[in-house]
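Right, one structure below, let's go through it.
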Amino acid sequence: MSARESVAARWIRAALAVFLKDWRSELRTRYAMSALVMFVVTTISIILFSLGGEGASPEVLAGMLWVVIFFAAMSGLSRTFVMEEERGTGMTLQLMTPSGAVFAGKLLFNLALGAGLTLLTVVLYALFINGFVVRTLSIFLVTIALGSIGLAAASTIIAAIIARANTKGTLYPVLSFPILLPLLMTVINATRLAADGAPFSEAAGEFQVLISYIVVVITVSTMLFDYIWKD
Amino acid sequence: MALQLSTHKLGKSFNRRIVFRDVDAHVGEGETLMIAGRNGAGKSTLVKILCGVLSPSQGRVVVEGTGKLNEFDRKGLFGLVAPYLQVYDEFSAMENLMLAASLRGERGDRSVYAGLLTRVVLEPNRADPVHGFSSGMKQRLKYALALAHHPRILILDEPMANLDADGMAIVRTIMREQRSRGILVVATNDPADIDAHEQKVNLNERS
């Protein structure tokens, strides 16, 4: 059976197996989802109460949107690796499947979770926060898509690193902040442009930075993961 | 060329603590290698290095007689049963077996796995989540997972842990069968765990 199939086909099957395992596990345990949803709901509630009836400028609201997304991601996107270490199943994965397939599966899972998180945050933010208006929808949608991918890619490799550490909870946001800073600054700028009604071409520079960031993070992660994962 | 597993001047240290050093061992097809040593001597560390989940600090592990292997086939050479190897508690026994097959890049066969679960007397519990299993049942499931891909090298760390008399009898049969079709490596403190061995590494003499 296995000898006839190419290594590439087996690799894809293994990566999908990691993704589907994490997804089914998440649906049964609600381990990361509960943390993410609770964080988003409570944070938006706090923003709502602190603003009261007063509106804030589009620049401030754009920044606050990504603050919510960043900290919610910090509370949930590390779980995929931390759970493996806490339960002792990391070695089971190491024994059975190549490290590249593990990383690809975990990245896919965090992309799905990150996309869900961003979508939930944006919907709740748009519904409840007064003054949050998007005038150039195309810029906003591309920013949200690229921002989610960048956030998930960086979070995945950082989660793999901190899963081996003793102080996982504290280390994750501390280590993530400097790595995610270029991404956060760019998505905040792009979101502000969308709120201001800037033409799409004006945000091209931001999108180039975001795409470069994603390519660099995924390439470096793929090269480093084997060293992080094995010992 | 027949299958052979050997170590050359193998050593492992964590930070500055040397667990063992200069371990030379050799075991061939149809033979059993026993790894003995007191608690903390490094039996489990050596087992992890043998099956490739831990890197040695010095020396190397060599597997001969397999021809050229890709990454999946290399991992598929080994089957491991060990107390520190965990299964996914939220999944059933059958789901764990199917997952293991997919992780190895293969299509699992439910009917084959049903036979394997019957063999370790877990068939009645095949659909139950593993978190409801006793430690002995989990150990039986680990045997099913280790055997599902027909490994040529079966490594057992504390093979009788948590097993009752029936479970131990199953394991002795598994050990005999493995000796007839490949290599068996057993890490244990109890000589009664193992019927016979051709090769032995005593880690008490290697630290």
Atom pair OH (A:Tyr227) and OG (B:Ser55), whose distance is rounded to the nearest 0.5 Å: 10.5 Å
Take atom CE in B:Met168; do more than 12 heavy atoms of anything else shown fall under 6.0 Å from it? yes
Does B:Lys75 reach the main-chain N or O of A:Gln94 with its side chain, forming a donor-acceptor pair under 3.5 Å? yes
Enclosure of A:Phe49 CZ (heavy-atom neighbours >12, cutoff 6.0 Å): no
Are the side chains of A:Arg24 and B:Glu95 in touch, meaning some heavy atoms are under 4.5 Å apart? yes
Has the side chain of A:Arg28 got a donor or acceptor atom that lies under 3.5 Å from a matching backbone atom of B:Glu90? yes
Treating A:Arg10 as the side-chain partner and B:Glu106 as the backbone partner, does any N or O pair qualify as donor plus acceptor under 3.5 Å? no
Could you walk me through whether B:Lys48 and A:Met91 pass the side chain to side chain contact (heavy atoms under 4.5 Å, CB included) test, one step at a time? CA-CA 9 Å; B:Lys48 290 174 192 172; A:Met91 190 179 292; 3.5 Å; yes
Counting neighbours of CZ on B:Arg181 that are heavy atoms of other residues, nucleotides or ligands and sit closer than 6.0 Å, is the number greater than 12? yes
Please report the closest heavy-atom contact between B:Gly105 and A:Arg13, naming both atoms and the distance. O-NH1, 2.9 Å
Of the listed residues (A:Leu20, A:Thr89, A:Leu16), which shares the most heavy-atom pairs with chain B below a 4.5 Å separation? A:Thr89
With respect to A:Thr92, which candidate in B:Leu145, B:Leu85, B:Leu80 satisfies the side-chain contact (heavy atoms from CB on, under 4.5 Å) definition? B:Leu85
A:Phe177, CZ: over 12 other non-hydrogen atoms inside 6.0 angstrom: no
Flag the one option from A:Gly90, A:Gly105, A:Ala17 with the top tally of heavy-atom pairs under 4.5 Å to chain B. A:Ala17
Please determine if A:Arg87 forms a cation-pi arrangement with B:Tyr88, meaning its NZ or CZ atom is less than 6.0 Å from the six-membered ring centre and no more than 45° off the ring axis. no
Shortest non-hydrogen contact from A:Ser25 to B:Phe91? N-CZ, 3.9 Å
Can you confirm whether more than 12 heavy atoms, excluding those of A:Phe71, are under 6.0 Å from its CZ atom? no
